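Lettering of chains follows the sequences in order, A, B, ..., and the numbering in each one begins at 1. Below, each value reflects all heavy atoms present in this structure, side chains not excepted, and no hydrogens, waters or symmetry copies. Note that the coordinates shown come from a computational prediction; the quantities given were computed from them, not determined experimentally.
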2 protein chains.
Amino acid sequence: MATISDVAKLSGLSKTTVSRVINNHPYVSDKKRERVLKAMKELGYIPNPSARRLRGQLTTTIGVIVPRIVNPFFAHLVNSIEQAAYKKGYQMLIGQSYEDKEKELAFLNLLKTKQVDGIIMTSTENDWDIIESYNEYGPIILCNDYINQEVAPMIRLDQTKGAYLGANHLIERGHQKIAYCTGGLFDEQGKGKDRNQGFQKALSEAGIKINPKWIFIDQHTIEDGKHVLRQILEMEDRPTAIFTGSDEVAGGIIIEAKEHGLLIPNGLAVIGFDDQPIAEILDPKLTTIRQPVDLMGERSIEVMVELLVNPEMEIRNYELPIELIVRKST
Amino acid sequence: MATISDVAKLSGLSKTTVSRVINNHPYVSDKKRERVLKAMKELGYIPNPSARRLRGQLTTTIGVIVPRIVNPFFAHLVNSIEQAAYKKGYQMLIGQSYEDKEKELAFLNLLKTKQVDGIIMTSTENDWDIIESYNEYGPIILCNDYINQEVAPMIRLDQTKGAYLGANHLIERGHQKIAYCTGGLFDEQGKGKDRNQGFQKALSEAGIKINPKWIFIDQHTIEDGKHVLRQILEMEDRPTAIFTGSDEVAGGIIIEAKEHGLLIPNGLAVIGFDDQPIAEILDPKLTTIRQPVDLMGERSIEVMVELLVNPEMEIRNYELPIELIVRKST
DNA sequence: TAATTATATGAAAATGATTTCATGTTCTTG
DNA sequence: CAAGAACATGAAATCATTTTCATATAATTA
């Protein structure tokens with residue numbers, strides 16, 4: 001690989017001048033700039049990022065933590081982040097936390113060692129106190145997941161409203177016996193908590209009591225959804241509708257219902273969350289709450305880049321619209 | 001951040017000795033090693049990767065190129081690669097080529113600038129002549145996609161056999177009028193070509209002629225599949241079965257068939273490729289050809305790590321098993 | 001016991017960039 | 001036209017590490 005010295009030698013100028021051209025510093029005459037550019041092209045010169053980093057320059061790499069990339073919601077989110085990053089000349093380093101605290105910390109360490117300029121977290125496993133300690137090494141922003149304090153920029157949705165819209169829709173369809181199925185645990189913080197609140201608000205406004213037997217926690221996959229449906233079938237007093245925290249779980253419920261001859265939506269109305277491609281594939285098609293994934297990715301990169309340019313930037317929340325998509329499963 | 005000099009100062013030893021401890025060089029006395037380790041722990045010292053890279057050390061980062069991460073097949077592949085890489089202490093840098101030659105080259109440049117130790121390509125957009133020119137900067141291995149020369153290690157499946165199995169299955173079910181739907185173009189190299197051959201072999205063995213009107217090329221998404229079905233419905237002479245290059249396209253066909261009241265498999269038998277989660281979700285469940293994604297990811301990392309340790313390693317192919325999964329769509 | 005050889009350690013060079021400082025030229029401005 | 005400001009250039013320092021070279025001591029061998 002050609003180095004800056006090679007370029008300097010070939011162009012008959014100093015490394016300093018070459019460096020100035022690379023970083024388009026103003027004080028370079030047009031003639032010499034031309035000579036440098038010509039030499040650079042001739043040698044196929046690319047500045048060595050390790051050397052630039054060592055001098056405290058930016059890495060033009062942004063880290064993204066996701067729980068698991070095979071979850072289509074996160075695949076889409078990662079996709080939109082990567083697209084936006086590429087447009088701005090950034091690379092994307094991906095890490096899967098697999099809901100493991102250690103893995104999350106291992107990834108945050110990349111910030112400490114300046115391998116990434118900043119990190120976008122789409123989920124958080126550790127407490128914020130711990131994550132915060134990495135913040136001094138570079139910006140951390142939360143996208144999708146969030147916590148209820150204004151400590152870092154957050155790209156978030158009004159989850160409370162989303163859950164409220166969904167629950168309300170079920171109530172309007174005449175349901176009184178509504179089950180609830182969440183990805184998190186019940187006393188959690190952030191996203192899950194807000195959804196719980198929205199759900200509860202809708203029900204209490206309609207004067208409906210929540211039956212604790214109809215609450216399912218820690219449900220994530222299609223398999224989990226199937227299992228939930230089997231549990232419901234065994235109940236004496238069954239719910240007539242179920243609100244789920246993800247399209248995948250909703251999908252599992254619908255697939256298993258078909259297996260057991262339970263009709264959707266007449267036997268059980270099902271509502272999902274995310275509006276993933278699967279929502280259109282299921283039969284019946286899934287009523288769900290759409291999260292504007294592309295917007296979230298784009299906005300995250302925008303905020304990250306601003307923050308890298310101006311680290312003193314004001315920390316605030318960016319709330320994006322959330323929307324109910326009514327299809328055939330309710 | 002603490003530097004190696006800080007550790008040297010605190011431990012009262014030289015940078016050299018500290019470096020020796022970090023890289024566990026043999027010639028360090030146990031006593032001093034202890035002192036260094038203690039100082040390192042006390043300062044929370046982590047070596048600066050940029051500086052190490054600059055000195056020509058490995059980056060412990062492996063680049064992975066995928067066409068698009070939202071394609072569940074590639075999401076799973078990336079997942080298995082990341083898992084395997086993490087276990088061996090490597091990070092994974094992802095780039096989406098979006099089937100764009102420029103983007104692919106931009107990513108290959110990371111090798112040139114030593115930002116990654118090696119690159120795993122799960123698809124290739126540029127000709128091998130061009131890709132090969134990056135090979136001198138670090139190992140490139142092909143996983144999933146491949147070319148028909150032994151120029152780089154390839155983790156591949158016997159695609160010819162896969163397509164043969166699928167086509168044969170349709171023929172055994174009594175079909176004579178079989179359509180073919182591929183992701184690539186028709187005269188392509190590598191994966192697509194082998195599949196074409198397998199398909200053709202099965203048909204010619206059964207004495208069946210291929211109807212060129214029933215060949216669909218460049219089909220990738222669910223939407224593409226829907227479109228294919230509409231085209232079939234408009235034909236006077238319709239096929240009774242269709243072989244597709246991906247579960248997603250097959251899914252689109254099945255969904256659209258339902259929309260038009262065409263029964264699967266009686267009106268049209270459909271066979272997919274990949275055995276993605278969607279295959280189990282579709283109604284009827286999809287007959288498909290399973291690719292051992294987890295194995296492919298694992299093997300790729302194994303080979304990559306070996307190759308990094310011993311760059312002179314013999315180049316060879318690693319062929320993994322491929323399998324027909326019969327469900328309800330045929 | 002003298003001569004190798006293996007073990008231990010550190011000073012200084014090297015890696016490839018950017019930044020600081022010094023110096024010289026050209027342009028404004030009073 | 002003198003003096004200060006703006007422009008243009010390069011030598012050398014700097015970033016955090018590894019590697020080379022030099023040197024000293026301990027262990028082995030002849």
Given atom [atom1] of [X] and atom [atom2] of [N], what is their separation to the nearest angstrom?
X: A:Ile4; N: C:dT15; atom1: CD1; atom2: C1'; answer: 13 Å
X: B:Met40; N: D:dT17; atom1: CE; atom2: P; answer: 10 Å
X: A:Asp30; N: D:dA8; atom1: CG; atom2: C1'; answer: 12 Å
X: B:Leu13; N: D:dA24; atom1: CG; atom2: C1'; answer: 16 Å
X: B:His25; N: D:dT17; atom1: NE2; atom2: P; answer: 18 Å
X: A:Asp6; N: C:dT15; atom1: CG; atom2: P; answer: 11 Å
X: A:Leu54; N: D:dT18; atom1: CG; atom2: P; answer: 12 Å
X: B:Lys9; N: D:dA16; atom1: NZ; atom2: C1'; answer: 13 Å

[X] has a side chain; which of [options] sits nearest to it?
X: B:Val28; options: C:dA17, C:dA13, C:dT9; answer: C:dT9
X: B:Tyr27; options: D:dT19, D:dA11, C:dT9; answer: C:dT9
X: A:Lys15; options: C:dA17, C:dA11, D:dT17; answer: C:dA17
X: B:Arg20; options: D:dT18, D:dA8, D:dT20; answer: D:dT20
X: A:Lys32; options: D:dT9, C:dG10, C:dA17; answer: D:dT9
X: B:Ser14; options: C:dT18, C:dA11, D:dT9; answer: C:dA11

query = Does any N or O donor sit under 3.5 Å from an N or O acceptor when you compare the side chain of B:Arg55 with the base of D:dT17?
reply = no
ask   = On a plain distance test, is the side chain of A:Thr16 in donor-acceptor contact with the base of D:dA11 below 3.5 Å?
value = yes
Please confirm whether the shortest side-chain N or O distance from [X] to OP1 or OP2 of [N] is below 4.0 Å.
X: B:Ser29; N: C:dT7; result: no
X: A:Asn23; N: C:dT18; result: yes
X: A:Ser19; N: C:dT18; result: yes
X: B:Thr17; N: C:dG10; result: yes

ask   = Heavy atoms, side chains only, cut-off 4.5 Å: are A:Ile69 and B:Glu82 in contact?
value = no
inquiry  = Any heavy-atom pair between the side chains of A:Gln115 and B:Gln91 that's under 4.5 Å?
reply    = yes
message = Base, sugar-phosphate or nothing for A:Pro26? Non-hydrogen atoms, less than 4.0 Å.
response = sugar-phosphate
inquiry  = Is it the case that the side chain of B:Asn23 and the backbone of B:His25 share a donor-acceptor pair, with hydrogens and angles ignored and the cut-off at 3.5 Å?
reply    = no
Any cation-pi pair here, [X] with [Y], using under 6.0 Å and within 45°?
X: A:Arg68; Y: A:Phe74; value: no
X: B:Arg299; Y: B:Tyr318; value: no
X: A:Arg20; Y: A:Tyr27; value: no

